[in-house]
Amino acid sequence: MLQLINIRENKEDVLKRLAIKNFKDAESILNSVLEKDAQRRAIQGEGDNIKAEANQIAKQIGELMKSGKKEEAEKVKIRTTELKQKEKELDEQLKLVEDEIHQLLVLVPNTPNLTVPLGKTPEDNEVVFEHGEKPKLAPGFVPHWDLTTKYNLIDFELGVKIAGAGFPVYKGKCARLQRALINFFLDRATAKGYLEIQPPIVVNEDSGYGTGQLPDKEGQMYHCTVDNLYLIPTAEVPVTNIYRDVILKEADLPVKNTAYTPCFRREAGSYGKDVRGLNRLHQFDKVEIVQITHPDKSYETLEEMREYVAGLLKELELPFRTLKLCGGDMSFASALTYDMEVWSAAQERWLEVSSVSNFETFQTNRLKCRFKDANGKTQLAHSLNGSALALPRIVAALLENNQTPEGIKIPKVLVPYCGFDIIN
RNA sequence: GGAGAGAUGGCCGAGUGGUCGAAGGCGCUCCCCUGCUAAGGGAGUAUAGGCACAAAAAGCUUAUCGAGGGUUCGAAUCCCUCUCUCUCCGCCA
């Protein structure tokens, strides 16, 4: 959520940035927000004056009662009846207008960084980095969903029987490979100074609102209605919510956390080849990295996180590219996002495996995650997160890219984690 | 799931209708003092909103004692609802 004070003081700049995201009606929404904000302040001013007078009178009555002047006290009471009525009205108005402001503010996406490329579709994303050679596969190569059957690695039908489509059952060496990847990712993250966290994989409503999944993306989460809990779509939700309503010390920054969790996404409405095999699932595993930083440091940190994720992909020997997302392809909450895509050699397409974003104060404003700066002033921190990494597409690319007539080769770095170097 | 107790500032803890944004202690910050250490003295120490101001500081003001509602001129204190924590019983990896 954008800060009201920022809209009030830098409206032109906010509008300029929102234009990068192709956000329609920006001006009319912001004007409406400002108008209602002016109303709000007027109402509050009036209300405060009335409350101040009422408080004054209450004090007076107390003193009169104490000195036994009951009759005088009764006289003063008459005025308070009037004040109370007015106070009630103003409180209701205030609540109403505050609610309206909030309803409008949640419609407005984060303001992108000025370096975000203009554009509307994924084609407009800017390739900022590319690494590795696309492998030339031996004739007879097949996509991963055939490999998983051939080597008995994943049973998609069995998953359908137990839960439904999008819930695969991993077996044998594939199960082990996934466990290896999780451990590899967590080891690298902790070595880089991230504190490992094992959070709950369900969250309550407050947490859903805190990171912005609620109210608008409610349909994308699995909802346990009996207890009103949501299955997390990413570890970002529970981990970032650790810092909800928290005032950190400047010395605590940056906060660096990493967490492995299963992730659950309903992804209603998707179908076709994009969702074939491991490309898109309802349940998948992911290691996430989260940082809370000083506002001056967040872009530096974003680059550092991007480098870190690129390093993982290099170690896995996967060809990849890094995209700087254009305004139209960025998420609602992000100010700047890099996507990492690996080359899937048999499908002959790029698969997104990581998304690293700086949210600036967009999340922390809603979360009320602040820190005390050197002057003792509290201000909002910046939040960032990234996948490091999401497993299924990594597995898909590893299987496809490393297939040989002899079997599927495991990258060196994973061999100690897997305990084998080939799947055959 | 059943029975009981409780929720107050960074922490501990007092406070059962007005003098309470809240005693006292601990912690923290700054200053003073003692050659060092230990001890001692003083001051400060929540968050959010509004007013005013060129702006900052100071100032004035409103709200907040788990959350929401109610009673009252006046609520941390009384009443209702909810949430959470603890103890005992039951169930259980």
Side-chain angles (χ1 to χ4, degrees), chain A residues 1-10 33-102 104-105 198-210 214 224-230 238 241-253 255 262 292 361 363-381:
Chain A
M1 198 161 61
L2 291 182
Q3 294 177 79
L4 191 49
I5 188 160
N6 189 33
I7 296 175
R8 206 191 293 163
E9 289 173 3
N10 307 306
V33 164
L34 291 178
E35 198 180 298
K36 289 186 189 303
D37 179 49
Q39 276 174 35
R40 185 197 112 241
R41 285 183 288 161
I43 294 168
Q44 180 165 358
E46 201 181 332
D48 281 1
N49 287 338
I50 285 169
K51 284 175 190 170
E53 191 184 340
N55 286 343
Q56 200 76 38
I57 291 174
K59 218 171 242 181
Q60 213 179 355
I61 292 174
E63 275 156 27
L64 289 172
M65 294 294 223
K66 210 180 281 175
S67 50
K69 297 176 186 161
K70 275 209 175 137
E71 274 175 37
E72 263 183 70
E74 289 301 325
K75 244 187 264 173
V76 188
K77 271 190 198 176
I78 297 165
R79 169 77 178 142
T80 62
T81 319
E82 205 178 312
L83 290 174
K84 257 173 79 169
Q85 181 58 33
K86 191 81 186 152
E87 187 185 323
K88 205 176 164 188
E89 278 168 29
L90 288 168
D91 277 350
E92 276 164 14
Q93 282 178 38
L94 187 66
K95 214 172 170 181
L96 203 73
V97 76
E98 276 176 345
D99 210 51
E100 285 171 353
I101 291 171
H102 188 257
L104 288 171
L105 276 181
Q198 282 189 359
I201 61 171
V202 294
V203 293
N204 58 26
E205 258 184 352
D206 282 350
S207 296
Y209 280 100
L214 295 175
C224 312
T225 49
V226 184
D227 298 299
N228 200 21
L229 293 169
Y230 295 87
N241 269 284
I242 293 173
Y243 306 96
R244 169 155 50 87
D245 292 319
V246 166
I247 299 178
L248 295 154
K249 296 191 198 91
E250 190 166 358
D252 295 335
L253 301 176
V255 170
I292 313 280
T361 60
Q363 282 188 329
T364 53
N365 184 35
R366 199 186 281 211
L367 286 165
K368 298 202 185 73
C369 170
R370 293 159 292 178
F371 72 99
K372 257 198 192 352
D373 68 18
N375 305 320
K377 270 193 119 177
T378 44
Q379 55 169 308
L380 293 172

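Sequence lines set the chain letters: A, B, ... in the order given, protein chains first and strands last, and positions in each chain run from 1.
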Ignoring backbone atoms, establish whether [X] has a side-chain N or O less than 4.0 Å from OP1 or OP2 of [N].
{"X": "R370(A)", "N": "U47(B)", "answer": "no"}
{"X": "T378(A)", "N": "A48(B)", "answer": "yes"}
{"X": "N55(A)", "N": "U61(B)", "answer": "no"}
{"X": "K249(A)", "N": "C28(B)", "answer": "no"}
{"X": "R40(A)", "N": "G49(B)", "answer": "no"}

Evaluate the side-chain proximity of [Y] to [X]: yes if any heavy-atom separation is below 4.5 Å, no if none is.
{"X": "I292(A)", "Y": "F371(A)", "answer": "no"}
{"X": "V76(A)", "Y": "T80(A)", "answer": "no"}
{"X": "I201(A)", "Y": "P238(A)", "answer": "no"}
{"X": "L94(A)", "Y": "R40(A)", "answer": "yes"}
{"X": "N241(A)", "Y": "V203(A)", "answer": "no"}
{"X": "D37(A)", "Y": "I7(A)", "answer": "no"}
{"X": "M1(A)", "Y": "H102(A)", "answer": "yes"}

What is the distance, rounded to the nearest whole Å, between atom [atom1] of [X] and atom [atom2] of [N]?
{"X": "N204(A)", "N": "A67(B)", "atom1": "CG", "atom2": "P", "result": "16 Å"}
{"X": "D48(A)", "N": "A48(B)", "atom1": "CG", "atom2": "P", "result": "17 Å"}
{"X": "E9(A)", "N": "A56(B)", "atom1": "CD", "atom2": "P", "result": "9 Å"}
{"X": "I50(A)", "N": "C60(B)", "atom1": "CD1", "atom2": "P", "result": "22 Å"}
{"X": "K377(A)", "N": "A55(B)", "atom1": "NZ", "atom2": "P", "result": "13 Å"}
{"X": "E53(A)", "N": "U61(B)", "atom1": "CD", "atom2": "P", "result": "14 Å"}
{"X": "D252(A)", "N": "G10(B)", "atom1": "CG", "atom2": "C1'", "result": "13 Å"}
{"X": "K51(A)", "N": "U64(B)", "atom1": "NZ", "atom2": "C1'", "result": "11 Å"}

Roughly how far apart, to the nearest Å, are [N] and [M] at atom [atom1]?
{"N": "A14(B)", "M": "C32(B)", "atom1": "C1'", "result": "31 Å"}
{"N": "G41(B)", "M": "U34(B)", "atom1": "C1'", "result": "12 Å"}
{"N": "G42(B)", "M": "C33(B)", "atom1": "C1'", "result": "11 Å"}
{"N": "G9(B)", "M": "A22(B)", "atom1": "P", "result": "14 Å"}
{"N": "G59(B)", "M": "G27(B)", "atom1": "C1'", "result": "30 Å"}
{"N": "A23(B)", "M": "U8(B)", "atom1": "P", "result": "16 Å"}
{"N": "G44(B)", "M": "A5(B)", "atom1": "P", "result": "41 Å"}
{"N": "G15(B)", "M": "G1(B)", "atom1": "P", "result": "34 Å"}

Return the nucleotide paired to [N]: Watson-Crick means purine N1 to pyrimidine N3 with N6-O4 or O6-N4, wobble means G-U with N1-O2 and O6-N3, both under 3.5 Å.
{"N": "U29(B)", "answer": "A43(B)"}
{"N": "C51(B)", "answer": "G59(B)"}
{"N": "G35(B)", "answer": "none"}
{"N": "U16(B)", "answer": "none"}
{"N": "U87(B)", "answer": "A3(B)"}
{"N": "G74(B)", "answer": "none"}
{"N": "A22(B)", "answer": "none"}

**OP:** For K372(A) and for D37(A), find the nucleotide of RNA chain B with the closest heavy atom, then tell me which residue's nucleotide is more 5'.
**Re:**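 Upstream on the strand: K372(A).
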
Original post:
Toward the 5' end of RNA chain B, which comes first, Q44(A) or N49(A), by nearest nucleotide?
Top reply: Q44(A)

Original post:
Side-chain donor-acceptor pair under 3.5 Å between D373(A) and Q379(A), yes or no?
Top reply: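 D373(A) vs Q379(A): donor-acceptor pair found between side chains.
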
**OP:** To the nearest 0.5 Å, tell me how far L105(A) CG sits from E98(A) CD.
**Re:** 11.5 Å

Subject >> Sugar-phosphate only, base, or nothing, as touched by K75(A) at under 4.0 Å among non-hydrogen atoms >> reply: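 Here K75(A) touches no strand at all.
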
**OP:** Ignoring hydrogens and angles, tell me if any N or O in the side chain of T364(A) forms a donor-acceptor pair with the backbone of L380(A) under 3.5 Å.
**Re:** no

Subject >> From CA spacing to verdict: salt bridge (Lys or Arg N to Asp or Glu O under 4.0 Å), K84(A), E87(A) >> reply: CA-CA 5 Å; K84(A) 257 173 79 169; E87(A) 187 185 323; over 6 Å; no

N/O to N/O distances under 3.5 Å, protein versus nucleotides 79-84 of chain B:
none

**OP:** Output yes when K95(A) and E92(A) qualify as a salt bridge under the 4.0 Å nitrogen-oxygen rule, no when they do not.
**Re:** no

Set out, line by line, the N/O atom pairs under 3.5 Å between protein and nucleotides 69-76 of chain B.
none

